[in-house]
Amino acid sequence: MKLSHFFLSTTKEAPAEAEIVSHQLMMRAGMIKKLGAGIYTWMPLGVRVLRKVENIVREEMNAAGAVELLMPVIQPAELWQESGRWDKMGPEMMRIKDRHDRDFIVQPTSEEVITDIARQELRSWRQLPKNFYHIQTKFRDERRPRFGVMRSREFIMKDAYSFDVDKDGLMKSYNVMYDAYSKIFTRLGLEFRAVNADTGNIGGFASHEFQVLAESGEDVIAYAPDSDFAANLEMAEGVAPATPRAAASKALELVHTPGQKTCEDVGTFLKLPLEKQLKAMMYVSDSGFVLCMLRADHMVNEIKLGKVPALANYRPATPEEIEAHLGVEPGYCGPVPRHALKGNAAHPGQVIVVADRTAAAMADFVCGANESGYHVMGGNWGRDCAEPDVVADIRNVVDGDASPDGKGVLKLRRGIEVGHVFALGQAYSAKLGAKFLDKDQKEQVMEMGCYGIGITRVVAAAIEQNHDEKGIIWPQAMAPFAVVIAALGYDRSADVKAAADSLYASLSAAGVDVALDDRGERPGVMFAELELIGIPHRVTIGDRGLKEGMVEYQARRDTVATKVPLAEIGAFVTKALAS
RNA sequence: CGGGGCGUAGCGCAGCCCGGUAGCGCGCCUGGUUUGGGACCAGGAUGUCGUAGGUUCGAAUCCUAUCGCCCCGACCA
């Protein structure tokens, strides 16, 4: 591609609305243009990157035995009513009407349509397993689109759907997709982790998210550098401390802490670290009033809470409920009953005490005294209050926690979810009646899996992970051009033109994805633009070097250029591309 | 959908408080000089000040409504 025939439009400044670096750089590089909130035009430069990603995804999906088709963006409401999602989906799903006033949706995903195809086309066990996929535009009317194409309303997704005769088959299909995803993100040159994810409310029984590691990511993942353990924050188990609870060594003591309502306040006031304090969280669940105790520096995890039987259908307690059950305002709550201190009555109402594993292993702790303006010091489970009714993992893991697999400690990093594999089971196939006849001529419901990759998001995630102060640094596999020839003075030097044209012709003939910058721009402008748009390999040809028969090669990450004889540059570039 | 903020030239912004002929930088156009790190000189074009009402002799500026966009907030590729 000659850049004089291409279309580049870069800017020095990013629009004020672009918050994160990938959005800023994509706007500055002229890859995308905003048309509305969460709606973007992909400009020529951006489309080249998009196609590179798509092609790699397509190749690996095909290699994994999936079959490509293309389902419509606009889908009739009936199918979605049949699956129940017409009512379930809420305003995130875009609904439209045609001229006959019939209801349609703009697809946010395609389980319904593919299951409809499966129930019509797949009638026999002999046709299974099957995996269909497409790469298609999606629309999700996000509550808050942001970060450019990272979280846009319209986006491009590769979604695949597998159909199997039984759960064993499904897990085989699932693992094939898991492996294919690993290959895809490896080929794309991204640093990523496959993390165990919550299967949530859809039902399913296995789920992994593929997270590109980047500081700006919206997800937090926990992983063990010493093993292959990696999980979403809500799935990473907070294991019990390795050492058992220490014996009580201090007497229970009531301390006056007027106005010290937060753990931070109390810690400062008593000159004690947060690790010595218990904090209380009050909830009301189907079981009644629940007092949850955590070490003060830990954060409660709401998804884990919901999995504790005593907290079924929980909600935060109101100040009135707290007063009624503990006889004290929030800020001074704890598990130690008042009678242990002052001979008062025990908790007036039934209270279930749920302690986090770490909290349950603490001794000589500080906590609220259930008396306004007072805390206790030297509190001990079993001695000053009952042992917790329930000990459970209810907190977010933190950096340095022991890994649940027993191998080393956890580290936390932020990630961008670019892919998700999900063993669905029969959730859709049962509802829509996707059945087949098995070997014994019995009708069976198919086992489904679904597998998504956010193609447009991958592009943004790659930039988040690969950039510097000058601009984007594309992994070679997804660069808009693999190599660019920067011809200095192409418009006025016959020597430069001849050398550049010749190299361009030979690289093109060799199948290299090469761009020739023949625009005759001033060198400063040219270099700045080529670095901004992130071409990974650059050959600079100028009169100065040609006099000595030399040109220069510089990889995007190199700090200095390498002089290469003109006669050898073709081979040099080919070698650089291969390494 | 709650809370906060912003709409002025293609982009980044000033002007608004205190009504009185709409400005700056980048970009764009013309000519010239330049040409290995976003050039310089000279000249030039570009706005119904988001939209609709209202107040006023007069509104970018004050008032009302409305639309759009951005940021913070309970899991989405």
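Source: prediction; values computed, not measured. So you know, we letter chains A, B, ... as the sequences are listed, proteins then strands, and number each from 1.
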Per-nucleotide protein contact string for nucleotides 30-38 of chain B, where B marks a base within reach and S marks sugar-phosphate only (heavy atoms under 4.0 Å, - for neither): ----BBBBB

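Atom name P, nucleotides B:rU61 and B:rC49: the rounded distance is 9 Å, in whole Å. Taking the P atoms as reference points, B:rU8 lies 15 Å from B:rG47, given to the whole Å. Atom name P, nucleotides B:rG5 and B:rC57: the rounded distance is 33 Å, in whole Å. Taking the P atoms as reference points, B:rC1 lies 27 Å from B:rC13, given to the whole Å. Nucleotides B:rG27 and B:rU21, compared at atom C1', are 27 Å apart to the nearest Å. Nucleotides B:rA45 and B:rG23 place their P atoms 12 Å apart, quoted to the nearest Å. On the P atoms, B:rC17 is 15 Å away from B:rG50, given to the nearest whole Å. Rounded to the nearest Å, the gap between the C1' atom of B:rA52 and that of B:rU46 is 26 Å.
The pairing partner recorded for B:rC75 is none, the criterion being a Watson-Crick or G-U wobble arrangement whose two distances lie under 3.5 angstrom. Under the Watson-Crick or G-U wobble criterion, with both distances below 3.5 Å, B:rC11 is paired with B:rG25. The partner of B:rU46 cannot be assigned: no Watson-Crick or G-U wobble pair with both contacts below 3.5 Å exists in any strand. Pairing for B:rC69 goes to B:rG5, judged as Watson-Crick or G-U wobble with the two contacts each under 3.5 Å. Remark: B:rU34 base-pairs with no nucleotide; criterion is Watson-Crick or G-U wobble with both hydrogen-bond distances under 3.5 Å. Using Watson-Crick or G-U wobble geometry with both donor-acceptor distances under 3.5 Å, B:rA52 finds its partner in B:rU64.
The pair A:K431-A:E111 does not count as a salt bridge, with every side-chain nitrogen at least 4.0 angstrom from each carboxylate oxygen. In summary, A:D495 and A:K547 do not engage in a salt bridge, as defined by a charged side-chain N under 4.0 Å from a carboxylate O. A salt bridge between A:K158 and A:E60 is absent, with no side-chain N of the basic residue lying under 4.0 Å from a carboxylate O of the acidic one. In summary, A:K2 and A:D518 do not engage in a salt bridge, as defined by a charged side-chain N under 4.0 Å from a carboxylate O. The existence of a salt bridge linking A:E19 and A:R146 is excluded, since no basic side-chain nitrogen approaches an acidic carboxylate oxygen closer than 4.0 Å.
Residue A:A14 is classed as a sugar-phosphate contact, given heavy-atom separations below 4.0 Å to backbone atoms only. Using a 4.0 Å heavy-atom cutoff across all strands shown, A:K34 reaches sugar-phosphate atoms only and no base atom. At the heavy-atom level, A:S9 lies nowhere under 4.0 Å from the strands shown. Among the heavy atoms of the strands lying under 4.0 Å from A:R143 is at least one base atom, whether or not backbone atoms are also near. Among the heavy atoms of the strands lying under 4.0 Å from A:E417 is at least one base atom, whether or not backbone atoms are also near. Residue A:E19 is in sugar-phosphate contact alone, with no base atom involved, counting any heavy-atom pair closer than 4.0 Å across all strands shown. Across all strands, A:D219 comes closer than 4.0 Å to base atoms (heavy-atom distances).
OP1 or OP2 of B:rC71 has at least one side-chain nitrogen or oxygen of A:R144 nearer than 4.0 Å.
Distance from the side chain of A:A16 is smallest for B:rC13 among the nucleotides B:rC70, B:rA77, B:rC13.
Look at CE on A:M27: it is 10 Å from P on B:rC70, rounded to the nearest Å. Taking atom CD of residue A:E17 and atom C1' of nucleotide B:rG4, one finds them 17 Å apart after rounding to whole Å. Between A:R146 atom CZ and B:rC75 atom P the separation is 11 Å, expressed in whole Å. The distance between atom NE2 of A:H23 and atom C1' of B:rC69, rounded to the nearest whole Å, is 12 Å. Computed from coordinates, the A:M177 CE to B:rA77 C1' distance equals 16 Å when rounded to whole Å. A straight line from CZ of A:R153 to P of B:rA77 spans 18 Å, rounded to a whole angstrom. Here B:rA77 presents its P atom at 13 Å from CD of A:E218, a figure rounded to the nearest Å. Summarising the geometry, the separation between CG on A:D159 and P on B:rA77 is reported as 10 Å, rounded to the nearest angstrom.
A donor atom on one side chain and an acceptor atom on the other are found under 3.5 Å apart for A:S110 and A:Q75. Residues A:N396 and A:H298 have side chains that never bring a donor and an acceptor to within less than 3.5 angstrom of each other.
A:W86 carries A:R95 over the face of its six-membered ring, with the cationic atom under 6.0 Å from the centre and within 45° of the normal.
The aromatic rings of A:Y451 and A:Y181 sit perpendicular, their planes meeting at an angle over 60°, well past the 30° parallel limit. Using cut-offs of 30° and 60° on the angle between ring planes, the pair A:F192 and A:F185 is tilted.
Toward the 5' end of RNA chain B, the nearer of the two residues A:G36 and A:F155, judged by each one's closest nucleotide, is A:G36.
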